Amino acid sequence: MDEKNKPSVSQAFSDFSEKFSRFLKDNPQNEPKIQKSKDTLLQERILEQEKQFVSQICAKYQKYINSEQLLPEQEQLLAAYNLFKAVKEAEKQYGSSQTCIKKDFLYSALCQNAQYTSGTDFIYLRVWLEFAQNIHDLVPQFSANQDGTYSLSFIPPRYATFTVEQKEIYSIILSNFYS
């Protein structure tokens, strides 16, 4: 082949690409298989599990915000919050330095429900109270009593504590429902 008829590098590459694409079109089983590394497979599995985790959290929170009427747990928490606020207001109005409320604990049917007292479900009610009910001044919290029972109290948000799992659930709910 003489110098004048010699194809340029880009032309040769283009010709090769065209032939290769026709070859793949005619024989799709001949398409090169790229083996995924173990790291890639592991990363894909982790991402899939994370998606499932987020999906489960969102589905669980949906029951708190999509019901036509309040769930019993929501009613109980709102009643406890309203009672707590009323007691605090009465203390401000009628209390003094010699006469005041010493303990800020309430009893509620929620205090007997293990999925709220020792499980992770209480974070869903906390987020619901804060965002769906727009109550930001106090955060509900359970306290274990010496006799093994639980009491419910409300504290300022700056004193609220969350487990790592509760923080993660809180963050997921905020990003999926309130951002």
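Sequence positions, counted from 1, serve as the residue numbers for this chain. Predicted, not measured: the structure shown is a model, and the values here were computed from it.
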For Glu44, side-chain hydrogen bond (donor to acceptor under 3.5 Å, both in side chains) partners two or more places apart: Lys36

Just by modelled atom types, is the Thr149 backbone N or O under 3.5 Å from a matching donor or acceptor in the Asp147 side chain? yes

Evaluate the side-chain proximity of Leu106 to Phe154: yes if any heavy-atom separation is below 4.5 Å, no if none is. yes

Considering residues at least two apart in sequence or located in another chain, which fulfil the side-chain contact (heavy atoms from CB on, under 4.5 Å) criterion with Gln166? Ile123, Arg126, Phe162, Thr163

A side-chain contact here means heavy atoms from C-beta on lying under 4.5 Å apart; do Lys92 and Glu89 qualify? yes

Kindly write out the residues that satisfy side-chain contact (heavy atoms from CB on, under 4.5 Å) with Thr161, not counting sequence neighbours, or none if the list is empty. Gln141

Between Ala109 and Tyr107 the two heavy atoms that sit nearest each other are N-CE2, 4.4 Å

Out of curiosity, does Tyr116 fall in the hydrophobic cluster containing Leu83 (side-chain heavy atoms, cut-off under 4.5 Å, transitive links)? yes

Taking only residues two or more places apart in sequence or in another chain, which ones pass ring pair (Phe, Tyr, Trp, His ring centres under 6.0 Å) with Phe142? Phe122

Check side-chain hydrogen bond (donor to acceptor under 3.5 Å, both in side chains) between Lys167 and all other residues, then give those that pass, not counting sequence neighbours. none

Show every donor-acceptor pair shorter than 3.5 Å between a side-chain atom in residues 168-179 and any protein atom, with sequence neighbours excluded, or say none if there are none.
residue, atom, partner, partner atom, Å
Tyr170, OH, Glu130, OE1, 2.9
Tyr170, OH, Glu130, OE2, 3.0
Ser175, OG, Ser171, O, 3.2
Ser175, OG, Ile172, O, 3.1
Asn176, ND2, Ile172, O, 2.8
Tyr178, OH, Tyr61, OH, 2.6
Ser179, OG, Ser175, O, 2.8

Ser118 and Tyr150 have their tightest heavy-atom pair at CB-OH, 4.4 Å

Heavy-atom neighbours of Gln69 CD exceed 12 at 6.0 Å: no

The side-chain hydrogen bond (donor to acceptor under 3.5 Å, both in side chains) partners of Gln74 (sequence neighbours excluded) come to none

Count I, L, V, M, F, W, Y as connected when their side-chain heavy atoms are under 4.5 Å apart, and connections chain through other members. Are Phe84 and Ile155 then in the same cluster? no

Quick one: ring pair (Phe, Tyr, Trp, His ring centres under 6.0 Å) partners of Tyr64, sequence neighbours excluded? none

Any chain of hydrophobic side-chain contacts (each under 4.5 Å) joining Leu125 to Ile57? yes

For Gln133, which residues count as a side-chain contact (heavy atoms from CB on, under 4.5 Å) partner, sequence neighbours excluded? Leu78, Trp128, Leu129, Ile135

Considering non-hydrogen atoms only, spot the tightest contact between Leu152 and Leu77 and give its length. CD2-CD1, 4.2 Å

Tell me, please, which residues at least two apart from Gln115 pass side-chain contact (heavy atoms from CB on, under 4.5 Å). Asn113, Asp121

Separation between OG (Ser108) and CD (Glu75), nearest 0.5 Å, reads 11.0 Å

With sequence neighbours excluded, tell me which residues meet side-chain hydrogen bond (donor to acceptor under 3.5 Å, both in side chains) with Asn82. none

Quick one: which residue pairs count as a salt bridge (Lys or Arg N to Asp or Glu O under 4.0 Å) with a foot in residues 49-58, not counting sequence neighbours? none

What's the shortest heavy-atom distance between Pro157 and Asp137, and which atoms? CD-O, 3.3 Å

